[in-house]
Amino acid sequence: TRAPENTASDVSSSPDDGINDICSSDGDVIVLADDPDFVKPDRDARKYRVIKLKENNLKVLLVSDQMAQGAVGTEAAAVHVQAGHFDDTIPGLAHFHEHMLFLGTEKYPKENDYENYLSQYGGGSSNAYTDMEDTNYYFSITTPNEDPTKTSEGLTGALDRLAQFFIKPNFDPDAVDRETNAIDSEYVNGKTSDSWRNYQALKSFANQDHPFGKFGCGNLETLTAKGKPKLLEELQNFWDTYYQSYNLRLSVVGHASLDALQKTVQETFGAVPFSEGIPRYEQAIQANLEKKQKTTNAKSSDLIFTREGAVYGSIAFGPEQLGMIRSIVPLLEARSIKVHFAVPPLDDPELRDSKPYRVLSHLLGHESPGSLHALLNEEGYLTGLSSGIGIDSSDFSLFSITMSLTPKGMANKDKVLDLLFQWVALIRDTGPDQLRLYHEELRQMSTINFRFRENGNPTDFCSNAAQALFDEYQDPKLLLSGTSMTSQFDPKVVEAFLLRMIPDNALIVVTNSDLKEELQSAELSEKGWSVEPYYGAPHKQEVMSENQIQIWQSPPDFDRRLHIPELNAYIPDDFSLRCEENSSSAPQEDAADRSVISVPPVPIVDSDKMRLWHKMDTYWRVPKAFIRLSIMTPDVYASPKSMTYNRIFQRILNDDLNSFVYDASLAGCNYR
């Protein structure tokens with residue numbers, strides 16, 4: 001299962017509005033977007049196509065990596081399913097189902113056939129994760145590009161084996177005992193992890209009528225409580241209900257041409273049974289739209305987020321769960337404060353385009369002089385601060401501010417929280433004109449980052465792209481840029497989002513290993529402590545007083561050292577290159593001259609005190625520069641004492657410079 005908290009446009013009247021005009025029919029497929037129409041990074045030489053198979057409505061992303069013939073590289077694929085542990089009828093069922101799919105199918109009945117096959121191709125491998133509402137299956141193999149007009153034998157066989165998961169899995173009863181024990185082993189290991197303990201504790205703090213409160217991992221007790229026949233029955237029902245072609249998305253990266261990959265996908269995944277419908281979350285949300293009609297003249301504070309609470313008929317974190325301070329005792333030494341604000345899901349129609357959480361996360365987590373981070377660091381309270389969406393589901397999100405504290409910081413946690421809410425109030429009181437400028441900065445940086453983005457790991461790309469294919473309201477040609485780009489600033493939406501960042505809409509979780517002494521001093525119940533039943537994290541709750549809520553919501557005074565950051569002066573706007581005009585214009589291995597990579601740098605300065613070397617890149621041709629400075633001295637390692645002093649100096653220097661180089665680092669200028 002996925003590790004805890006790892007976890008990212010206006011709705012048209014129809015999912016296909018504005019998309020049909022770019023669709024074309026090609027035999028047994030509908031081409032939703034072809035390569036010439038795709039919005040891609042400048043240096044991306046890969047070719048893309050989004051199709052829908054007519055045989056079964058399956059939507060697929062095809063990617064031809066354009067690797068040179070004879071070269072060796074990674075091919076990968078992933079299938080994403082909109083079903084996860086929120087759908088469990090038995091605690092851990094979705095997780096167990098994920099395990100069982102790997103243990104043989106009707107066409108390939110041997111348990112280890114899939115893994116053994118993949119391992120033949122450069123040590124290829126597969127994996128999967130089960131999340132709250134999603135399950136993702138993926139594999140990768142290493143193969144040569146022998147013939148670009150044909151899909152490699154390795155990828156063809158791997159796709160056929162993966163397709164059988166969604167055609168006819170075996171669900172062998174003889175494997176049940178072994179896999180329930182395997183899941184129980186995962187669960188037992190998780191009991192020693194503070195991440196899993198804290199995650200399940202957070203789930204226990206939620207409204208237990210909402211599926212977020214479920215125990216997703218499962219264990220031997222929960223899976224076998226109703227007996228093996230019932231478990232197998234529920235396992236098959238889960239597959240029958242959710243593993244429908246319209247509820248699946250496939251992405252494939254291969255060496256072959258798009259036409260060859262398309263043919264292979266049709267021959268393998270075309271056998272997945274036909275089903276018709278729309279993903280169930282969309283269906284549930286549409287049914288709830290009538291209950292939350294928006295008025296055209298709504299004030300900012302009256303904006304209705306139509307997806308919030310629209311899927312499961314309950315709110316994960318409502319008034320009864322918020323306005324609380326929860327304390328948790330970790331296993332290892334740790335001190336942190338997390339402030340969770342209940343906010344709408346990220347794909348709510350009001351949030352999709354303007355993405356207000358990005359500018360707020362940017363400001364709340366800023367590290368420049370005058371920021372909350374800089375002030376807490378100056379006081380010796382802080383070791384780290386981050387902010388952003390921590391939990392996101394189809395009908396709610398949690399916007400979280402996490403502060404990792406020193407012992408001194410935890411001893412002064414009330415002051416830390418006072419300063420935090422002062423910082424939130426300062427940002428809330430910032431006028432829309434200034435917030436618009438910050439938004440524009442982020443938009444510029446997003447555009448730059450996308451424009452010059454380099455291709456990453458094909459396996460990770462496939463896994464993420466398969467999930468992105470579920471966005472029915474995004475033009476398929478924008479698949480690569482959709483999540484990374486930010487559109488126009490919307491002051492009404494930002495104001496409405498900011499109004500959620502108030503103390504009585506917050507759950508504060510204090511994780512403090514110093515509380516172990518309190519646990520040992522008396523019976524848990526006598527001090528108000530209770531224990532989360534699955535992972536055993538001790539915790540207690542405290543209701544925020546009305547006076548405290550009032551002070552935090554409207555701070556009576558502000559620390560004078562706090563001030564909103566200046567605009568970023570380091571965002572580049574000139575991307576011209578100084579390399580030769582006649583060198584290759586694209587990093588394609590079959591077009592550019594790779595021999596220039598091995599050309600050594602040339603000395604510019606060569607004296608007794610300094611040597612300076614420079615190399616002009618004429619191959620990759622991206623607006624990046626790298627500087628490496630080495631100070632040569634025997635004093636650093638002259639003695640253990642000298643070595644220790646130098647390491648301490650390095651850490652102090654990094655800490656001292658951090659707030660002054662923060663803007664530059666945001667703009668892409670990094671150092672270490």
Side-chain angles (χ1 to χ4, degrees), residues 194-195 330-337 362 364-387 401-413 415-416 419 445 449 454 511-514 561-563 565-566 568-572 597-598 600-617 620 622-672:
D194 279 323
S195 294
L331 292 172
L332 302 178
E333 182 177 358
R335 299 169 188 87
S336 69
I337 297 177
H362 168 68
L364 288 164
H366 216 279
E367 298 180 15
S368 64
S371 66
L372 175 66
H373 182 283
L375 176 53
L376 294 178
N377 201 43
E378 178 185 330
E379 293 286 346
Y381 293 163
L382 192 73
T383 61
L385 186 152
S386 62
S387 66
I401 303 170
T402 303
M403 297 172 289
S404 299
L405 303 178
T406 62
K408 180 182 178 182
M410 184 56 72
N412 291 274
K413 69 177 185 300
K415 183 178 179 182
V416 170
L419 291 170
M445 287 188 284
N449 291 337
E454 299 176 22
T511 302
N512 185 5
S513 53
D514 298 332
R561 291 171 291 177
L562 288 174
H563 60 79
E566 300 291 334
N568 195 331
Y570 295 94
I571 300 176
I597 297 177
S598 60
V602 296
I604 296 176
V605 178
D606 191 353
S607 69
D608 293 340
K609 299 296 183 181
M610 184 176 75
R611 290 179 181 175
L612 176 62
W613 302 77
H614 177 259
K615 177 176 179 177
M616 180 73 74
D617 167 53
W620 299 108
V622 292
K624 291 185 177 181
F626 297 87
I627 299 173
R628 179 169 180 172
L629 175 66
S630 296
I631 300 174
M632 310 301 292
T633 170
D635 295 337
V636 174
Y637 294 102
S639 68
K641 183 177 181 180
S642 175
M643 182 177 65
T644 302
Y645 279 168
N646 275 277
R647 288 181 176 176
I648 293 173
F649 172 77
Q650 175 194 345
R651 294 188 180 189
I652 292 174
L653 180 63
N654 281 334
D655 191 60
D656 190 53
L657 290 177
N658 179 67
S659 63
F660 298 99
V661 301
Y662 184 72
D663 276 345
S665 67
L666 291 178
C669 302
N670 299 299
Y671 83 100
R672 63 182 178 91

Query raised in the report: Which value, rounded to the nearest 0.5 Å, describes the distance between L419 atom CG and L372 atom CG?
Result: 6.5 Å
Report summary line: Between F660 and P369, the two heavy atoms sitting closest are CE2-CG, 3.8 Å
Requested in this report: Check side-chain hydrogen bond (donor to acceptor under 3.5 Å, both in side chains) between D608 and all other residues, then give those that pass, not counting sequence neighbours.
Outcome: none
Query raised in the report: Can any side-chain N or O of D194 pair as donor or acceptor with the backbone N or O of L332 at less than 3.5 Å?
Result: yes
Query raised in the report: With no hydrogens and no angle check, is any side-chain donor or acceptor of S642 less than 3.5 Å from a backbone partner on S639?
Result: no
Query - From CG (D635) to OH (Y645), nearest 0.5 Å - result: 14.5 Å
Query raised in the report: Rounded to the nearest 0.5 Å, how far does CG of L666 lie from OH of Y570?
Result: 11.5 Å
Query raised in the report: Between L382 and L405, what is the shortest heavy-atom contact and its length?
Result: CD1-CD2, 4.1 Å
Query raised in the report: Do you know the tightest heavy-atom contact between A667 and P572?
Result: O-CD, 4.1 Å
Report summary line: Sequence neighbours excluded, the answer for side-chain hydrogen bond (donor to acceptor under 3.5 Å, both in side chains) partners of D606 is R611
Report task. Could you grab the distance from atom CZ of R335 to atom NZ of K408, nearest 0.5 Å is fine? Result -> 14.0 Å
Requested in this report: Measure the CZ-CD1 distance between R651 and I648 for me, rounded to the nearest 0.5 Å.
Outcome: 8.5 Å
Report summary line: Between I401 and S387, the two heavy atoms sitting closest are CG1-CB, 4.1 Å
**Report entry** salt bridge (Lys or Arg N to Asp or Glu O under 4.0 Å) partners of residues 364-379, not counting sequence neighbours, each pair once
**Finding:** E378-R561, E379-R561
Query raised in the report: Roughly how far, to the nearest 0.5 Å, is the CD1 atom of I652 from the CG atom of D656?
Result: 9.0 Å
**Report entry** Minimum-distance pair of heavy atoms, taken over all atoms of N568 and D663
**Finding:** ND2-O, 2.9 Å
Query raised in the report: Any donor and acceptor pair, going by atom type alone, linking the side chain of T383 with main-chain N or O of S404 inside 3.5 Å?
Result: yes
Requested in this report: Look at the side chain of N377 and the backbone N and O of H373, then say whether any donor-acceptor pair between them is shorter than 3.5 Å.
Outcome: no
Report task. Taking all non-hydrogen atoms of both residues into account, name the closest pair between M410 and T511 and its distance. Result -> CE-O, 3.7 Å
Report task. For Q650 and N654, run side-chain contact (heavy atoms from CB on, under 4.5 Å): C-alpha distance rounded to whole Å, both residues' side-chain angles, the deciding distance at 0.1 Å, then the answer. Result -> CA-CA 6 Å; Q650 175 194 345; N654 281 334; 4.0 Å; yes
